[in-house]
Amino acid sequence: MPEDVLAADLPEATAPAHNRFTTAILKLTATCNLNCTYCYMFNLADRTYHQVPAMMSADVARATISRIRDYVVETGLPQFSLALHGGEPTLWPLKDFELLARQVQDLRDSGVEVPVTMQTNGLRLRPELLRLLDAYDIRVGVSVDGPARYNDRARVTHGGRGSYARVARTVEDLLTKGYGQILSGFLCVADPDIPPQEFMQWAAELPAGIDVLWPIQYHYGNLPWATGELDSYRRKPRYGTWFSQLFADWLQRDPVVDIRLFEQSVAALLGSRRHFDALVNDRLPAFVVNTDGRIELNDYVRSYRDGGAATPYNILSEDILRLEADREFRFFLELGSHLPVECGQCPVVDLCGGGFVPGRMDAGQEFPSRRSVLCYDQYHFFDFVRQSTGPLIEALRPAASR
Ligand code: SF4
């Protein structure tokens with residue numbers, strides 16, 4: 001494990017030129033009916049929401065789908081994903097949802113596979129919206145941060161009240177009204193204050209799987225250890241220890257709980273190349289369209305400074321294909337080619353790949369070229385995964401690859 005957090009020069013890009021965008025994140029709104037304490041849109045460094053309209057216009061939504069259509073025709077991509085975000089996307093007018101859904105369907109009818117997911121706080125999943133989402137096969141992920149007493153410390157209304165009970169009611173409604181098929185799962189930010197066994201007990205009772213995310217708020221301007229506490233943090237990193245305990249519990253339960261980070265970590269050790277963003281870190285093939293059409297870098301780089309995700313482009317005037325040539329987008333499309341130099345000899349680099357991107361951000365550097373400030377946590381966790389599954393992986397690995 002590396003001993004120190006060191007600066008590193010940006011390595012040259014060497015990835016093949018065929019890396020493409022595969023996902024657009026649409027900010028349907030720049031407003032929210034919750035005020036979560038850690039929110040990267042409203043409560044960290046970025047203040048872009050002051051500059052953009054509260055709601056995406058129908059023109060911007062239409063232009064986005066039209067640009068995506070051009071892009072898949074130009075590149076021959078068989079699939080392009082949409083992620084509907086905000087703010088809170090369910091606050092977007094229903095008539096605009098209908099318009100967008102019809103345009104997506106036209107694109108699908110032209111032969112392109114277009115998976116669409118919406119990430120919501122779950123407070124406003126009203127019947128007419130559920131009907132529409134179901135009709136157009138738009139899947140829903142619900143954000144919730146563990147059992148009620150933990151969730152309600154961070155996921156609060158603008159008046160400071162917890163949200164868990166209301167979210168639980170709308171999810172229950174969704175299930176009893178026959179829309180269970182659109183629930184893709186739950187999204188949860190890691191909270192080491194939750195005893196791992198209590199978390200797993202709670203997760204086991206959820207009606208769908210769960211993703212547990214590394215915290216997004218840490219970067220070189222906000223380290224996960226307090227000043228002067230690096231040595232003790234290195235010995236027992238808070239998030240890495242928590243994730244490892246969770247993983248041990250998950251394995252012991254004969255992994256009945258669907259936790260994406262854990263499943264994909266094991267799959268990656270077995271040689272799978274399918275994984276989500278917090279693993280492997282070989283590429284980050286998404287761009288964001290904000291409510292006024294401005295195109296931004298992935299949300300992962302929004303938290304470290306005001307305007308950290310900004311680019312000079314707008315979907316109303318820019319082809320997506322041209323974005324591929326932009327230096328910043330190319331860096332993220334070819335992320336694996338820019339492995340921080342400190343990570344080269346790391347025993348878990350195949351899983352960690354330099355660390356979850358928000359932790360690599362540094363206001364003093366043009367690109368996130370340093371290893372993540374969560375390195376100690378990520379090393380601790382990935383090493384634990386590797387060691388605790390070693391014999392199992394060896395037994396499952398195809399004979400030819402041993
Ligand atoms: S690959 Fe991950 S764990 Fe290894 S040195 Fe880099 S950031 Fe740290």
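Every number for a ligand or one of its atoms is a count from 1 in the order of the listing. Atoms considered below: every heavy atom in the structure, side chains included; atoms not considered: hydrogens, waters and symmetry mates.
- Atoms of ligand 1 lying under 4.0 Å from any heavy atom of Y379, numbered from 1 in the order shown and given with element: 3 (S).
- Atoms of ligand 1 lying under 4.0 Å from at least one heavy atom of C352, given by number and element, are 1 (S), 2 (Fe), 3 (S), 7 (S).
- Qualifying side-chain hydrogen bond (donor to acceptor under 3.5 Å, both in side chains) partners for D109, counting only residues two or more places apart in sequence or in other chains: Q105.
- The pair R62-D59 meets the salt-bridge criterion, with a side-chain N (NZ, NE, NH1 or NH2) lying under 4.0 Å from an Asp/Glu carboxylate O.
- Among the atoms of C343, no N, O or S atom falls under 2.8 Å of atom 8 (Fe) of ligand 1.
- With ligand atoms numbered from 1 in the order given, ligand 1 contributes 1 (S), 3 (S), 4 (Fe), 5 (S) to contacts under 4.0 Å with heavy atoms of C346.
- Under the 4.5 Å side-chain criterion, counting only non-hydrogen atoms from C-beta, R330 is not in contact with D326.
- Side-chain N or O atoms of T120 include none that pairs as donor or acceptor with a backbone N or O of T90 at under 3.5 Å.
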